Amino acid sequence: MATRWGICSAGKISNDFVVALQTLPAQDHQAVAVAARDLSRAKEFAQNHSIPKAYGTYEELAQDPDIDIVYVGAIHPAHRDLVLLFFNHGKNVLCEKPMTMNVKEVKELISAARKHNTFLMEAFWSRFFPVYEEIRSLLDRKVIGEVKLVRAEFCASLLGVPRAVEKELGGGALLDVGCYCVQFASMVFNGEKPESVTAKGFLHDTGVDETVTIILQYSGKRQAIITCSLATEMPNQAVISGTKGMIQIPSYMWSPTSLIVNGKETKYSLPPTTKHLYFHNSTGLSYEAEHVRQCLLKGLKESPVMSLVESELLATILEEVHVLLGICINAE
Ligand SMILES: NC(=O)c1ccc[n+]([C@@H]2O[C@H](COP(=O)([O-])OP(=O)(O)OC[C@H]3O[C@@H](n4cnc5c(N)ncnc54)[C@H](OP(=O)(O)O)[C@@H]3O)[C@@H](O)[C@H]2O)c1
(Lines give C-alpha, C1' and ligand atoms only; values in the text may rest on other atoms or scores of the structure.)
Protein backbone atom coordinates (compact mmCIF):
# COMPACT_ATOMS: atom_id res chain seq x y z
CA MET A 1 0.00 0.00 0.00
CA ALA A 2 1.23 3.47 -0.84
CA THR A 3 2.04 5.93 1.93
CA ARG A 4 -0.58 8.68 1.55
CA TRP A 5 0.95 12.11 2.10
CA GLY A 6 -0.94 15.28 3.00
CA ILE A 7 0.97 18.43 2.14
CA CYS A 8 0.62 21.35 4.54
CA SER A 9 1.30 24.67 2.77
CA ALA A 10 1.88 25.38 -0.89
CA GLY A 11 5.24 27.11 -0.64
CA LYS A 12 8.68 26.49 -2.11
CA ILE A 13 9.88 23.52 -0.10
CA SER A 14 6.47 21.85 -0.40
CA ASN A 15 6.86 22.11 -4.17
CA ASP A 16 10.26 20.44 -4.03
CA PHE A 17 9.06 17.78 -1.60
CA VAL A 18 6.19 16.77 -3.89
CA VAL A 19 8.47 16.74 -6.95
CA ALA A 20 10.82 14.46 -4.99
CA LEU A 21 7.92 12.21 -3.91
CA GLN A 22 6.95 11.83 -7.54
CA THR A 23 10.39 10.47 -8.43
CA LEU A 24 9.54 7.47 -6.21
CA PRO A 25 7.32 4.55 -7.29
CA ALA A 26 3.63 5.57 -7.23
CA GLN A 27 2.76 2.29 -5.52
CA ASP A 28 4.91 3.45 -2.55
CA HIS A 29 4.20 7.18 -2.26
CA GLN A 30 1.24 9.34 -3.16
CA ALA A 31 0.55 13.01 -2.43
CA VAL A 32 -3.21 12.81 -1.89
CA ALA A 33 -4.10 16.30 -0.64
CA VAL A 34 -2.62 19.76 -0.21
CA ALA A 35 -3.75 22.59 2.04
CA ALA A 36 -2.83 26.26 1.91
CA ARG A 37 -4.16 29.34 3.67
CA ASP A 38 -5.68 30.33 0.37
CA LEU A 39 -7.82 27.82 -1.56
CA SER A 40 -6.89 29.17 -4.98
CA ARG A 41 -3.18 28.65 -4.27
CA ALA A 42 -3.88 25.15 -2.95
CA LYS A 43 -5.83 24.37 -6.13
CA GLU A 44 -3.06 25.71 -8.34
CA PHE A 45 -0.48 23.63 -6.43
CA ALA A 46 -2.71 20.54 -6.69
CA GLN A 47 -3.13 21.05 -10.42
CA ASN A 48 0.62 21.53 -11.00
CA HIS A 49 1.38 18.29 -9.19
CA SER A 50 -1.72 16.22 -10.06
CA ILE A 51 -2.78 16.03 -6.41
CA PRO A 52 -6.45 14.91 -6.13
CA LYS A 53 -7.60 17.15 -3.23
CA ALA A 54 -7.00 20.81 -2.39
CA TYR A 55 -8.09 22.55 0.82
CA GLY A 56 -8.19 26.23 1.74
CA THR A 57 -7.60 25.55 5.45
CA TYR A 58 -5.13 23.37 7.32
CA GLU A 59 -7.99 22.15 9.52
CA GLU A 60 -9.62 20.39 6.55
CA LEU A 61 -6.34 18.59 5.82
CA ALA A 62 -6.17 17.52 9.46
CA GLN A 63 -9.70 16.09 9.21
CA ASP A 64 -9.08 14.15 5.99
CA PRO A 65 -9.27 10.46 6.97
CA ASP A 66 -7.34 9.28 3.89
CA ILE A 67 -3.93 10.59 4.97
CA ASP A 68 -1.17 8.57 6.66
CA ILE A 69 1.27 11.40 7.27
CA VAL A 70 1.35 15.16 6.90
CA TYR A 71 4.41 16.96 5.56
CA VAL A 72 4.58 20.38 7.26
CA GLY A 73 6.31 22.74 4.83
CA ALA A 74 5.14 26.03 6.33
CA ILE A 75 7.55 28.60 7.80
CA HIS A 76 8.94 27.57 11.17
CA PRO A 77 7.08 30.01 13.47
CA ALA A 78 3.94 28.14 12.34
CA HIS A 79 5.32 24.63 12.97
CA ARG A 80 4.31 24.22 16.62
CA ASP A 81 0.63 25.02 16.14
CA LEU A 82 0.38 23.05 12.91
CA VAL A 83 2.00 19.91 14.31
CA LEU A 84 -0.33 20.07 17.33
CA LEU A 85 -3.33 20.49 15.00
CA PHE A 86 -2.36 17.37 13.04
CA PHE A 87 -1.61 15.36 16.20
CA ASN A 88 -5.04 16.31 17.58
CA HIS A 89 -6.50 14.56 14.53
CA GLY A 90 -4.25 11.53 14.97
CA LYS A 91 -1.99 12.32 12.02
CA ASN A 92 1.70 11.42 11.80
CA VAL A 93 3.95 14.34 10.93
CA LEU A 94 7.17 15.00 9.06
CA CYS A 95 7.98 18.60 10.04
CA GLU A 96 10.40 20.82 8.15
CA LYS A 97 13.52 22.03 9.94
CA PRO A 98 13.89 23.63 12.37
CA MET A 99 11.17 21.70 14.17
CA THR A 100 10.14 24.81 16.12
CA MET A 101 11.51 28.16 17.24
CA ASN A 102 12.99 27.02 20.57
CA VAL A 103 13.54 24.15 23.00
CA LYS A 104 10.31 24.69 24.93
CA GLU A 105 8.25 24.15 21.78
CA VAL A 106 10.27 21.10 20.71
CA LYS A 107 9.68 19.49 24.12
CA GLU A 108 5.97 20.27 23.81
CA LEU A 109 5.77 18.53 20.42
CA ILE A 110 7.70 15.51 21.65
CA SER A 111 5.30 15.13 24.60
CA ALA A 112 2.32 15.56 22.28
CA ALA A 113 3.67 12.92 19.86
CA ARG A 114 4.00 10.47 22.76
CA LYS A 115 0.55 11.34 24.12
CA HIS A 116 -1.14 10.85 20.73
CA ASN A 117 1.08 7.88 19.78
CA THR A 118 1.88 9.60 16.49
CA PHE A 119 5.06 9.57 14.42
CA LEU A 120 7.14 12.76 14.44
CA MET A 121 10.40 13.55 12.68
CA GLU A 122 12.26 16.79 12.04
CA ALA A 123 12.90 16.90 8.30
CA PHE A 124 16.69 17.06 8.22
CA TRP A 125 16.71 15.54 4.74
CA SER A 126 20.54 15.57 4.60
CA ARG A 127 20.70 12.61 6.98
CA PHE A 128 19.15 10.30 4.38
CA PHE A 129 21.39 11.12 1.44
CA PRO A 130 23.59 8.18 0.37
CA VAL A 131 26.63 10.34 1.21
CA TYR A 132 25.47 10.70 4.83
CA GLU A 133 24.68 6.98 5.06
CA GLU A 134 28.18 6.22 3.82
CA ILE A 135 29.68 8.66 6.35
CA ARG A 136 27.87 6.90 9.22
CA SER A 137 29.18 3.57 7.97
CA LEU A 138 32.77 4.92 7.63
CA LEU A 139 32.61 6.33 11.18
CA ASP A 140 31.19 3.09 12.60
CA ARG A 141 34.05 1.18 10.97
CA LYS A 142 36.56 3.77 12.24
CA VAL A 143 38.00 4.14 8.74
CA ILE A 144 39.49 7.53 9.73
CA GLY A 145 40.25 6.42 13.30
CA GLU A 146 38.97 8.56 16.18
CA VAL A 147 37.26 11.77 15.07
CA LYS A 148 38.98 14.86 16.50
CA LEU A 149 37.71 17.79 14.47
CA VAL A 150 34.64 18.66 12.39
CA ARG A 151 34.16 21.75 10.24
CA ALA A 152 30.98 22.69 8.43
CA GLU A 153 29.73 25.84 6.78
CA PHE A 154 26.48 26.96 5.17
CA CYS A 155 26.67 30.55 3.97
CA ALA A 156 24.36 31.93 1.31
CA SER A 157 23.41 35.41 0.11
CA LEU A 158 19.87 35.48 1.48
CA LEU A 159 19.52 39.04 2.78
CA GLY A 160 16.95 39.71 0.05
CA VAL A 161 14.70 36.82 1.16
CA PRO A 162 12.07 38.06 3.67
CA ARG A 163 11.68 34.63 5.30
CA ALA A 164 15.42 34.58 6.01
CA VAL A 165 15.70 38.03 7.61
CA GLU A 166 12.34 38.95 9.14
CA LYS A 167 12.07 38.01 12.80
CA GLU A 168 8.35 37.22 12.71
CA LEU A 169 8.88 34.87 9.74
CA GLY A 170 11.53 32.90 11.68
CA GLY A 171 14.53 34.59 10.10
CA GLY A 172 18.16 34.22 11.11
CA ALA A 173 21.19 32.36 9.81
CA LEU A 174 21.08 29.74 12.54
CA LEU A 175 17.47 28.65 12.11
CA ASP A 176 17.60 28.87 8.34
CA VAL A 177 20.99 27.39 7.42
CA GLY A 178 23.28 26.98 10.44
CA CYS A 179 21.07 24.25 11.87
CA TYR A 180 22.24 21.96 9.01
CA CYS A 181 25.82 22.29 10.25
CA VAL A 182 24.84 21.68 13.87
CA GLN A 183 22.93 18.52 12.90
CA PHE A 184 25.98 17.40 10.90
CA ALA A 185 28.33 17.79 13.88
CA SER A 186 25.77 16.09 16.09
CA MET A 187 25.51 13.13 13.72
CA VAL A 188 29.30 12.74 13.60
CA PHE A 189 29.52 12.88 17.40
CA ASN A 190 26.66 10.39 17.78
CA GLY A 191 24.16 12.80 19.33
CA GLU A 192 26.50 13.53 22.25
CA LYS A 193 25.86 16.73 24.21
CA PRO A 194 28.76 19.17 23.72
CA GLU A 195 30.65 20.10 26.89
CA SER A 196 30.51 23.72 25.85
CA VAL A 197 28.99 25.97 23.22
CA THR A 198 30.80 29.16 22.22
CA ALA A 199 29.70 31.58 19.52
CA LYS A 200 30.45 34.97 18.04
CA GLY A 201 28.32 36.68 15.46
CA PHE A 202 26.69 39.75 14.03
CA LEU A 203 23.03 40.67 13.92
CA HIS A 204 21.21 42.01 10.87
CA ASP A 205 19.28 45.31 11.07
CA THR A 206 16.10 43.30 11.64
CA GLY A 207 17.56 41.82 14.85
CA VAL A 208 18.11 38.30 13.54
CA ASP A 209 21.56 36.67 13.40
CA GLU A 210 23.29 37.41 10.11
CA THR A 211 26.69 35.70 10.43
CA VAL A 212 27.71 33.31 13.21
CA THR A 213 30.68 31.10 14.01
CA ILE A 214 30.14 28.44 16.66
CA ILE A 215 32.60 26.19 18.46
CA LEU A 216 31.12 23.07 19.97
CA GLN A 217 33.55 21.45 22.34
CA TYR A 218 33.06 17.74 23.03
CA SER A 219 34.60 15.46 25.63
CA GLY A 220 38.01 13.95 24.85
CA LYS A 221 39.48 17.06 23.15
CA ARG A 222 37.09 17.01 20.18
CA GLN A 223 35.64 20.07 18.47
CA ALA A 224 33.20 21.14 15.80
CA ILE A 225 33.58 24.54 14.15
CA ILE A 226 30.55 25.86 12.33
CA THR A 227 30.02 29.01 10.28
CA CYS A 228 26.71 30.18 8.88
CA SER A 229 25.72 33.40 7.19
CA LEU A 230 22.93 35.08 5.29
CA ALA A 231 25.30 37.77 4.01
CA THR A 232 27.71 35.96 1.72
CA GLU A 233 28.63 32.69 0.01
CA MET A 234 31.28 30.16 1.07
CA PRO A 235 32.37 26.84 -0.50
CA ASN A 236 29.78 25.23 1.83
CA GLN A 237 31.78 22.12 2.50
CA ALA A 238 32.20 19.92 5.53
CA VAL A 239 35.26 18.06 6.81
CA ILE A 240 35.64 15.33 9.41
CA SER A 241 39.21 14.80 10.55
CA GLY A 242 40.28 11.72 12.47
CA THR A 243 43.45 10.18 13.83
CA LYS A 244 43.83 8.09 10.65
CA GLY A 245 42.46 10.28 7.90
CA MET A 246 39.89 12.70 6.61
CA ILE A 247 36.39 12.72 5.12
CA GLN A 248 35.43 15.72 2.98
CA ILE A 249 32.00 16.64 1.67
CA PRO A 250 32.28 19.11 -1.18
CA SER A 251 29.46 21.60 -1.68
CA TYR A 252 26.62 21.30 -0.83
CA MET A 253 27.30 19.78 2.57
CA TRP A 254 23.55 19.59 3.29
CA SER A 255 22.58 17.86 0.02
CA PRO A 256 25.79 16.26 -1.22
CA THR A 257 26.45 14.23 -4.35
CA SER A 258 30.15 13.67 -3.74
CA LEU A 259 32.30 12.26 -0.95
CA ILE A 260 36.09 12.32 -0.59
CA VAL A 261 37.64 9.79 1.76
CA ASN A 262 41.38 10.11 2.27
CA GLY A 263 41.67 11.88 -1.08
CA LYS A 264 39.55 9.41 -3.08
CA GLU A 265 36.32 10.86 -4.49
CA THR A 266 33.08 8.95 -5.07
CA LYS A 267 30.20 10.61 -6.94
CA TYR A 268 26.51 9.90 -6.42
CA SER A 269 23.62 10.74 -8.71
CA LEU A 270 20.23 12.10 -7.66
CA PRO A 271 16.81 11.05 -8.96
CA PRO A 272 16.18 13.05 -12.14
CA THR A 273 13.21 15.35 -12.75
CA THR A 274 12.11 17.78 -15.42
CA LYS A 275 9.96 19.76 -12.96
CA HIS A 276 10.91 23.09 -11.42
CA LEU A 277 12.82 22.98 -8.12
CA TYR A 278 13.51 25.95 -5.83
CA PHE A 279 16.47 24.44 -3.93
CA HIS A 280 19.70 22.67 -4.90
CA ASN A 281 19.51 18.89 -5.29
CA SER A 282 15.95 18.79 -3.95
CA THR A 283 15.02 15.48 -5.52
CA GLY A 284 17.19 14.16 -2.67
CA LEU A 285 14.16 14.83 -0.45
CA SER A 286 13.01 11.46 -1.79
CA TYR A 287 15.54 9.66 0.47
CA GLU A 288 13.92 11.21 3.53
CA ALA A 289 10.40 10.38 2.29
CA GLU A 290 11.35 6.76 1.73
CA HIS A 291 12.96 6.57 5.19
CA VAL A 292 9.73 7.87 6.74
CA ARG A 293 7.71 5.29 4.79
CA GLN A 294 9.95 2.52 6.15
CA CYS A 295 9.51 3.85 9.71
CA LEU A 296 5.71 3.88 9.30
CA LEU A 297 5.68 0.37 7.82
CA LYS A 298 7.58 -0.83 10.90
CA GLY A 299 5.13 0.97 13.20
CA LEU A 300 7.88 3.24 14.57
CA LYS A 301 6.89 6.50 16.25
CA GLU A 302 10.21 8.16 15.61
CA SER A 303 13.20 7.72 13.34
CA PRO A 304 16.28 5.87 14.58
CA VAL A 305 18.38 8.12 12.30
CA MET A 306 16.83 11.51 13.26
CA SER A 307 15.49 10.87 16.73
CA LEU A 308 13.38 13.18 18.87
CA VAL A 309 15.97 13.30 21.61
CA GLU A 310 18.43 14.59 19.03
CA SER A 311 15.95 17.19 17.78
CA GLU A 312 15.74 18.41 21.38
CA LEU A 313 19.54 18.51 21.64
CA LEU A 314 19.82 20.48 18.37
CA ALA A 315 17.23 22.97 19.59
CA THR A 316 19.12 23.28 22.89
CA ILE A 317 22.37 24.09 21.08
CA LEU A 318 20.66 26.59 18.75
CA GLU A 319 18.99 28.28 21.69
CA GLU A 320 22.29 28.49 23.59
CA VAL A 321 23.81 30.25 20.58
CA HIS A 322 20.85 32.62 20.36
CA VAL A 323 21.36 33.50 24.03
CA LEU A 324 25.10 34.08 23.46
CA LEU A 325 24.23 36.46 20.61
CA GLY A 326 21.65 38.27 22.73
CA ILE A 327 18.69 37.03 20.70
CA CYS A 328 15.54 36.07 22.56
CA ILE A 329 13.12 33.69 20.84
CA ASN A 330 10.22 33.22 23.21
CA ALA A 331 7.79 30.34 23.06
CA GLU A 332 4.77 32.60 23.42
N1 LIG B 1 14.66 20.96 3.57
C2 LIG B 1 15.04 22.00 2.87
O3 LIG B 1 15.88 21.92 1.98
C4 LIG B 1 14.43 23.32 3.12
C5 LIG B 1 14.67 24.33 2.20
C6 LIG B 1 14.03 25.53 2.40
C7 LIG B 1 13.23 25.72 3.49
N8 LIG B 1 13.06 24.74 4.41
C9 LIG B 1 12.18 24.94 5.57
O10 LIG B 1 10.85 24.85 5.07
C11 LIG B 1 10.01 25.84 5.66
C12 LIG B 1 9.38 26.69 4.57
O13 LIG B 1 10.36 27.28 3.76
P14 LIG B 1 10.00 27.83 2.27
O15 LIG B 1 11.24 28.34 1.70
O16 LIG B 1 9.22 26.78 1.56
O17 LIG B 1 9.08 29.06 2.66
P18 LIG B 1 7.96 29.86 1.85
O19 LIG B 1 7.78 29.27 0.49
O20 LIG B 1 8.31 31.30 1.94
O21 LIG B 1 6.68 29.65 2.76
C22 LIG B 1 6.16 28.36 3.03
C23 LIG B 1 4.73 28.48 3.46
O24 LIG B 1 4.65 29.07 4.75
C25 LIG B 1 3.40 29.76 4.85
N26 LIG B 1 3.66 31.16 5.15
C27 LIG B 1 4.42 32.02 4.47
N28 LIG B 1 4.40 33.24 5.06
C29 LIG B 1 3.59 33.14 6.12
C30 LIG B 1 3.14 34.05 7.12
N31 LIG B 1 3.53 35.32 7.12
N32 LIG B 1 2.32 33.57 8.07
C33 LIG B 1 1.92 32.30 8.09
N34 LIG B 1 2.30 31.39 7.14
C35 LIG B 1 3.12 31.80 6.19
C36 LIG B 1 2.72 29.68 3.48
O37 LIG B 1 1.79 28.62 3.54
P38 LIG B 1 0.47 28.57 2.59
O39 LIG B 1 0.98 28.05 1.29
O40 LIG B 1 -0.44 27.69 3.30
O41 LIG B 1 -0.04 29.96 2.48
C42 LIG B 1 3.87 29.37 2.56
O43 LIG B 1 3.52 28.72 1.40
C44 LIG B 1 10.90 26.60 6.64
O45 LIG B 1 10.70 26.10 7.95
C46 LIG B 1 12.32 26.31 6.19
O47 LIG B 1 13.26 26.32 7.24
C48 LIG B 1 13.63 23.54 4.22
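Whatever order the structure lists them in is the order used to number ligands and atoms, beginning at 1. Every value quoted in this text rests on a predicted model; they were computed, and no experiment measured them. By convention here, the first residue in the shown sequence is residue 1.
Both the backbone and the side chain of R37 come within 4.0 Å of ligand 1, counting heavy atoms alone. Neither the backbone nor the side chain of L175 comes within 4.0 Å of ligand 1, counting heavy atoms alone. Residue contacts with ligand 1 for R41 involve side-chain atoms from C-beta outward but no N, CA, C or O (heavy atoms, distance under 4.0 Å).
Side chain to side chain, E210 and S229 fail the donor-acceptor criterion of an N or O pair below 3.5 Å. Remark: the S251 side chain and the N236 side chain contain no N/O donor-acceptor pair separated by less than 3.5 Å.
Atom 12 (C) of ligand 1 has its nearest heavy-atom neighbour, among G11, G73, A78, in G73. Nearest-heavy-atom check against atom 1 (N) of ligand 1 across F17, Y180, Y58, F45 picks out Y180.
Atoms of ligand 1 found under 4.0 Å from any heavy atom of L169, numbered from 1 in the order shown, are 31 (N). Interface of H79 with ligand 1, defined as ligand atoms under 4.0 Å from a residue heavy atom, comprises 45 (O). Interface of A74 with ligand 1, defined as ligand atoms under 4.0 Å from a residue heavy atom, comprises 11 (C), 12 (C), 23 (C), 24 (O), 44 (C), 45 (O). If you number the atoms of ligand 1 from 1 as listed, the ones under 4.0 Å from a heavy atom of A36 come out as 38 (P), 39 (O), 40 (O). Atoms of ligand 1 found under 4.0 Å from any heavy atom of A10, numbered from 1 in the order shown, are 38 (P), 39 (O), 43 (O).
Regarding atom 44 (C) of ligand 1, its nearest protein heavy-atom neighbour is H76 ND1, 3.5 Å. Taking atom 23 (C) of ligand 1 as the reference point, the nearest protein heavy-atom neighbour is S9 OG, 3.6 Å. What sits closest to atom 19 (O) of ligand 1 on the protein, heavy atoms only, is K12 N, 2.9 Å. The protein heavy atom nearest to atom 4 (C) of ligand 1 is I13 CD1, 3.3 Å. Here the heavy atom of the protein found nearest to atom 48 (C) of ligand 1 is E96 OE1, 3.2 Å. At the top of the distance list for atom 13 (O) of ligand 1, counting protein heavy atoms only, stands R163 NE, 3.4 Å. With respect to atom 9 (C) of ligand 1, the closest heavy atom belonging to the protein is K97 O, 3.6 Å.
A salt bridge is defined here as a Lys NZ or Arg NE, NH1 or NH2 lying under 4.0 Å from an Asp or Glu carboxylate O, and K53 with D66 meets this definition. A salt bridge is defined here as a Lys NZ or Arg NE, NH1 or NH2 lying under 4.0 Å from an Asp or Glu carboxylate O, and E146 with K148 fails to meet this definition. Salt bridge annotation for E108-R80: present, with a cationic side-chain nitrogen under 4.0 angstrom from a carboxylate oxygen. A salt bridge links R163 and D176; the closest N-O separation between the charged side-chain nitrogens and carboxylate oxygens is under 4.0 Å. One finds a salt bridge joining E302 and R114 here, because a Lys/Arg side-chain nitrogen approaches an Asp/Glu carboxylate oxygen to under 4.0 Å. Checked for salt-bridge contact, R222 and E192 meet the test: a charged N lies under 4.0 Å from a carboxylate O.
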Carefully, step by step, assess E134 and R141 under the rule salt bridge (charged side-chain N to carboxylate O under 4.0 Å, His left out).
CA-CA 11 Å; E134 179 59 14; R141 291 181 281 124; 3.8 Å; yes

Evaluate N281 against W254 for side-chain contact (heavy atoms from CB on, under 4.5 Å), listing each step before the verdict.
CA-CA 10 Å; N281 296 345; W254 61 92; over 6 Å; no

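Considering backbone and side-chain atoms alike, I75 places an N or O below 3.5 Å from some N or O of ligand 1.
Only one option out of E310, E288, E133 pairs with R127 in a salt bridge (charged side-chain N to carboxylate O under 4.0 Å, His left out); it is E310.
By the 4.0 Å heavy-atom criterion, D38 is excluded from the residues contacting ligand 1.
In this structure, Q47 places its CD atom where only 12 or fewer heavy-atom neighbours from other residues, nucleotides or ligands lie under 6.0 Å away.
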